[in-house]
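The structure appears right after this line, and notes come after that.
In this text, all values refer to a predicted model and were calculated from it rather than measured experimentally. Chain identifiers are assigned alphabetically (A, B, ...) following the order of the sequence lines, protein sequences preceding nucleic acid strands; residue numbering begins at 1 within each chain.
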2 protein chains.
Amino acid sequence: MLNKYSKEDKALLAVDCIVFGFDGEDLKVLLIKRDFEPEKGKWSLIGGFLKKEEDLDKAAIRVLDHLTGLDNVYMEQFYVFSKVDRDPEERTISVAYYALIDIDSHNNEGTHLETAKWFSLKEAPELIFDYDQMLDKAVASLKRTIKINPIGFELLPDKFTMLQLQNLYESVLDEKLDKRNFTSKINALGILVRLNEKDKSSSKKGSYLYQFDTNKYNEKLKDGFVFKI
Amino acid sequence: MLNKYSKEDKALLAVDCIVFGFDGEDLKVLLIKRDFEPEKGKWSLIGGFLKKEEDLDKAAIRVLDHLTGLDNVYMEQFYVFSKVDRDPEERTISVAYYALIDIDSHNNEGTHLETAKWFSLKEAPELIFDYDQMLDKAVASLKRTIKINPIGFELLPDKFTMLQLQNLYESVLDEKLDKRNFTSKINALGILVRLNEKDKSSSKKGSYLYQFDTNKYNEKLKDGFVFKI
DNA sequence: TCAAAAGTGTTCACCGTACACCCATGG
DNA sequence: CCATGGGTGTACGGTGAACACTTTTGA
């Protein structure tokens, strides 16, 4: 097809997803053994190519679903990687997304998870292409964002304990936090509801379960509320 | 050329630059009358296509230089726009950058500036494609970033007065700030040097000129310093 | 009854904010 | 000498950080 732009160079567009997960203890990343050339058999991020009839957000969702069976996941674009030779096969520009999921709640899905595996951030293997760099950048981006947006709740089950929430923040930020200060800070935000339900799995006393209250949060946003941890 | 990826769809990649400028008074954006089809003659952002042999950062620099003559400019990628029909002519994915420049210092360059024009943000005309949306998103991104990174200095001449700096922040954030608080906050950062030079252009007493001290700033960064206004 | 985790308050230092007067100078 | 913009300090409330003991209950 000839048109006004016909003399311009075209390129392949990839979407690559850094899938972060949390199991109540550690922050992990989902990697996959690549099953096609080049670099077949090596550890890789979850990636695929943009198709004609979809935008990037849709492509990211499709690719993740296709490679892992994961569905209904929070995803956000965070950077574009475009070094000329980043993919040795052909010029490919990659739009990187990170995804956040609660590992335990998604255990049942993930029918394709034989090829994918969760790695603790510190134990992740070396990745192909510029994926190590992408991973670093995604972690940095997550650290920054989780302090000013309530995206952390995407990494937790619907109901969670204060300790789980604190563990999550400690994992992402990679620092210890004080329990009392953390609790009161979170409570002061006024965007969680404490249920009349306890999780007794980890203590005799049991710990209260909390839920993120989307409505309250949106109400507060309208009044100029700024989420900040 | 056939290769492993040969069945994948390709797309055009555009870079579009939102060029912000400051003249000591107002925050402005540089727009251009488009001189090619489609939409020839209408107001547009500064944009062009990515070439085979360059990465996106280089393309952004080239496009800006080519269309405006502006050189040596701070630029940062901030979002990718990929709606399927965002360019009616052909599927085009646009990586958007914003650029920051001090209008007065660059007055001499800009040999091509007959077709480009500075608009105050509030008086900018309607733009083609999804460029209005891009502009909005760039402004939001700038507001967020200028509070936590010293990018504001890119919009000022090498030497500037405290009042110019304050005007800049007021323009970007679109709110009034208190002179005494602003000055002491800035001074407390310890990343400016006050010169033994005064700018007498706007008063009899004259006001001190300041310079951003990159070395001091980098030193402080190493010690975990966080820029915050 | 005791071990193990949950829940809860106070103090203090620092920071952000509100607020108004004197200074220097050219005309 | 005076009009104009430049420069400066203080008081107060609020927020973030450090810090430890009591409660619950299943085993």
- Message: Taking the six-membered ring of A:F119 as reference, does the cationic atom of A:K28 (NZ for Lys, CZ for Arg) lie under 6.0 Å from its centre and within 45° of its axis?
- Response: no
- Item | Whole-Å gap separating P (C:dC15) and CG (B:N187) | 15 Å
- Would you mind reading off the distance between B:F182 atom CZ and D:dG9 atom C1', rounded to a whole angstrom? 18 Å
- Atom-to-atom span, CZ of B:R180 to P of C:dC21 - whole angstrom: 10 Å
- Task: With the side chain of A:K200 defined as its heavy atoms from C-beta on, choose the nearest nucleotide among D:dG5, D:dG26, C:dG7.
- Result: D:dG26
- Query: When the ring centroid of B:F81 is compared with that of B:Y79, is the distance short of 6.0 Å?
  - Reply: yes
- Calculate the interatomic distance between B:L209 atom CG and D:dG7 atom P; express it in whole Å. 9 Å
- Message: If we count only N and O atoms by modelled type, under 3.5 Å, do the side chains of B:T161 and B:D199 hold a donor and an acceptor together?
- Response: no
- Message: By the 4.0 Å heavy-atom rule, please label A:K179 as base, sugar-phosphate, or nothing.
- Response: base
- Could you check whether B:S184 gets within reach of a base, just the sugar-phosphate, or nothing at all, counting any heavy atom under 4.0 Å? nothing
- Task: From the options C:dG7, D:dA3, D:dC19, select the nucleotide whose nearest atom is closest to the side chain of B:K204.
- Result: D:dA3
- Task: Whole angstrom is fine here: how far is it from NZ in B:K185 over to P in C:dA18?
- Result: 10 Å
- Query: For B:D178 and A:R194, take the nucleotide of DNA chain C holding the closest heavy atom to each; which residue's nucleotide lies nearer the 5' end?
  - Reply: A:R194
- Message: Nearest whole Å is fine: how far is D:dG7 C1' from B:L165 CG?
- Response: 15 Å
- How many Å lie between NZ on A:K205 and C1' on D:dT23, as a whole number? 4 Å
- What about the rings of A:Y208 and A:Y210, do their centers lie closer together than 6.0 Å? no
- Item | Euclidean distance, atom CD of residue A:Q166 to atom P of C:dG7 [Å, nearest integer] | 12 Å
- Residue pair B:N181/B:L163 against DNA chain D: nearer the 5' end by closest nucleotide is B:L163
- Message: Side chains of B:Q211 and B:D158 only: does a donor on one sit below 3.5 Å from an acceptor on the other?
- Response: yes
- Among C:dG7, C:dT25, C:dA5, the one nearest any side-chain atom of A:S203 is C:dA5
